[in-house]
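Atoms within a ligand are numbered from 1 in the order they appear, just like the ligands themselves.
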Amino acid sequence: MTPGRNYVGGQWVPARDGATFERRNPADPADLIGVFPASKPADATAAVDAVESARRAWAKADPEKRQRVLERTAELILAKLDPLARELTREEGKVLASATQEWRRTAANFRLYASEALRMQGETFSTAGDGLVYSVREPVGIVLAITPWNFPVSIPSRKIGPALATGNGVIFKPSEVTPLAGQRMVELLLEAGLPEGVIALVQGYGADIGDTLVKAGAVGAVTFTGSYATGCRIHQAAGPDKRLQLEMGGKNPCVVLADADPARAAQIATQGAFSLTGQACTATSRVLVVGDLYDAVVREIVAKAKSYRIGNGLDPQVTMGPLANEAQKQKVEAMIAVGKAEGLHIAFGEGDLEMPLPAPGHYVAPTVFVDVPPESRLSREEIFGPVVCVSKLASYEDALRHANAVEYGLAASVVTRDMGRALSFSADIDAGIVKVNSATGGVALNAPFGGFKHSSNQTNKEQAGHGVMDFYTRTKTVYLAT
Ligand code: NAD
């Protein structure tokens, strides 16, 4: 068992009051992953003070040093890939191939942002006489990164990477569901040479420490990924003078047009719906099928759902792992119950499995609701589990209208051979990411990422592009006279 600690002021420490929480393997709750500090406001304040006293030296460090630390972190991740991935599967539950892919992406993110350390550029402006007016980019100060459990290392890396590259101090508050992954991330950065105190790790429950961290005067920017409800809370707590990046939930549609191949459409829809046991913000949650193709698409989706092998993600035969914890399982089961109470028909669910769900472990069967009215609750609320709603629509216009008729706007896909329709769908859908003939989930390393509406406050896109580095830096204009 790993001893869980906070990292504050260059020291690995327990919570000041000694309080702890446990994390257990979602595939086998008897397997204790670790015991971690249940931090309180005093721990949060100590973390802010510690980073505040260390961050200025990091801001003034040679950019090549910042670059090297991030490059080295990537190298260390790749050197330890297999044990890191196994540990991630044990803690979060995703299948080993997905865990391996996530750590690889994490290394790639650190590489990408390493190079940004050398690209903090300002401008000069024409002015009268021999004076000079110029702007410089400087770090915002302390960046607070609050992250979810479903991508517990790749999401933090695309926040911590650019924050450190640009010379900020960082406070990292991982999800209480994946504390060990958070601790590993900080250990790797320190092993790679990150100076003590530039980062602080604060473990625990957001409800206990979130407000203290977000409201701290020394925190200049908050980058958050998680649910809409928590995003709203952070928005309220932050006040007007903090930079905020809020990346939140999704209710992502896959629209299947009448000219599509049903098998290909089902492959795209189910890959989107069931990868990572449906626990992706970009997961396909609604399949909107236009016209007579409907029955064939449903048949193919059911066949795909049936083909999943459910179990412990460390077993190489397994293609769907457990939900991340008991609470998550209960939420998903509650949404399945909502569908049943709404009188919706299940074409594939737990009762149709060839083998019973493994026990113990927080498992839910891939579940396919069909003939779902697009106005139903199941069609509108985020489920965050392996549940998909299939609806039949009379026309492309109807499908587009329903695709847009939810509060979220993160990802959407369309399956068609008609590139004209694909282009008009891409223009008319209210989603930050549009996929033509591929699943809603899975995004490029070097392309902007983020949603519209309730999915994001849309300050700066995450991942790549100038906007990312803008979020982590501020501009100062200098007037120089002789
Ligand atoms: P969550 O909102 O419950 O928790 C996210 C983080 O916020 C955790 O670290 C949590 O401890 C912290 N937190 C909780 N209360 C807080 C408070 N009052 N103040 C500050 N921090 C607080 O979300 P989750 O269950 O971890 O993740 C699932 C959600 O995340 C889903 O809605 C999913 O769609 C979303 N998500 C979005 C993206 C994206 O890029 N848009 C990516 C992954 C997940």
With heavy atoms only and a cut-off of under 4.0 Å, state how [X] meets ligand 1: side chain, backbone, both or neither.
X      : result
Ile209 : neither
Ile155 : side chain
Pro174 : backbone

[X] to ligand 1: N or O pair under 3.5 Å?
X      : answer
Trp149 : yes
Glu462 : no
Met248 : yes
Thr147 : yes

Identify the closest protein heavy atom to [atom]: which residue and atom is it, and at what distance?
atom                    : answer
atom 42 (C) of ligand 1 : Cys281 SG, 2.9 Å
atom 4 (O) of ligand 1  : Thr230 OG1, 4.4 Å
atom 40 (O) of ligand 1 : Phe449 CE2, 3.1 Å
atom 33 (C) of ligand 1 : Phe384 CE1, 3.3 Å
atom 23 (O) of ligand 1 : Ser227 N, 3.4 Å
atom 44 (C) of ligand 1 : Asn150 OD1, 3.4 Å

Review point. Given the rule in the side-chain hydrogen bond (donor to acceptor under 3.5 Å, both in side chains) test, do Lys159 and Thr223 qualify, once you have shown the distances and angles that lead to the verdict?
Key: CA-CA 7 Å; Lys159 300 176 184 298; Thr223 171; 2.8 Å; yes
Exercise for review: Could you name the option among Glu382, Arg233, Lys215 that has the heavy atom nearest to atom 31 (C) of ligand 1?
Suggested key: Glu382
**Study point:** Selected option - heavy-atom contact closest to atom 35 (C) of ligand 1, from Gly182, Ala145, Pro179, Gly226
**Key:**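 Of the listed residues, Gly226 has the closest heavy atom.
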Please examine the side chains of [Y] and [X], heavy atoms only from C-beta on, and report whether any two atoms are closer than 4.5 Å.
X      : Y      : answer
Arg380 : Glu407 : no
Arg5   : Gln11  : no
Lys453 : Tyr228 : no
Glu247 : Phe224 : no
Arg66  : Leu164 : no
Arg286 : Lys251 : yes

Applying a strict 4.0 Å limit to heavy atoms, is [X] in contact with ligand 1?
X      : value
Arg158 : yes
Thr225 : yes
Gly231 : no
Tyr228 : no
Phe151 : no
Gly451 : no
Val177 : no

Review point. Are the side chain of Ser53 and the backbone N or O of Ala50 linked by a donor-acceptor pair below 3.5 Å?
Key: yes
Review point. Has Arg158 got its NZ or CZ under 6.0 Å from the middle of the six-membered ring of Phe449, at an angle within 45 degrees of the ring axis?
Key: yes
Check your understanding: Taking atom types as modelled and ignoring hydrogens, do the side chains of Thr440 and Thr284 form a donor-acceptor contact shorter than 3.5 angstrom?
Key ->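 Yes, Thr284 and Thr440 have a side-chain donor paired with an acceptor closer than 3.5 Å.
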Exercise for review: Let me see the working for Ser154 and Asn109 under side-chain hydrogen bond (donor to acceptor under 3.5 Å, both in side chains), right down to the final yes or no.
Suggested key: CA-CA 8 Å; Ser154 67; Asn109 280 341; 5.4 Å; no
Practice item. Output every pair passing salt bridge (Lys or Arg N to Asp or Glu O under 4.0 Å) with a member in residues 34-47, not counting sequence neighbours, ordered by first then second residue. Key: Asp17-Lys40
Practice item. Only one of Leu323, Val332, Asn150 passes side-chain contact (heavy atoms from CB on, under 4.5 Å) with Phe384; say which it is. Key: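 Running side-chain contact (heavy atoms from CB on, under 4.5 Å) over Leu323, Val332, Asn150 with Phe384 returns exactly one hit, Asn150.
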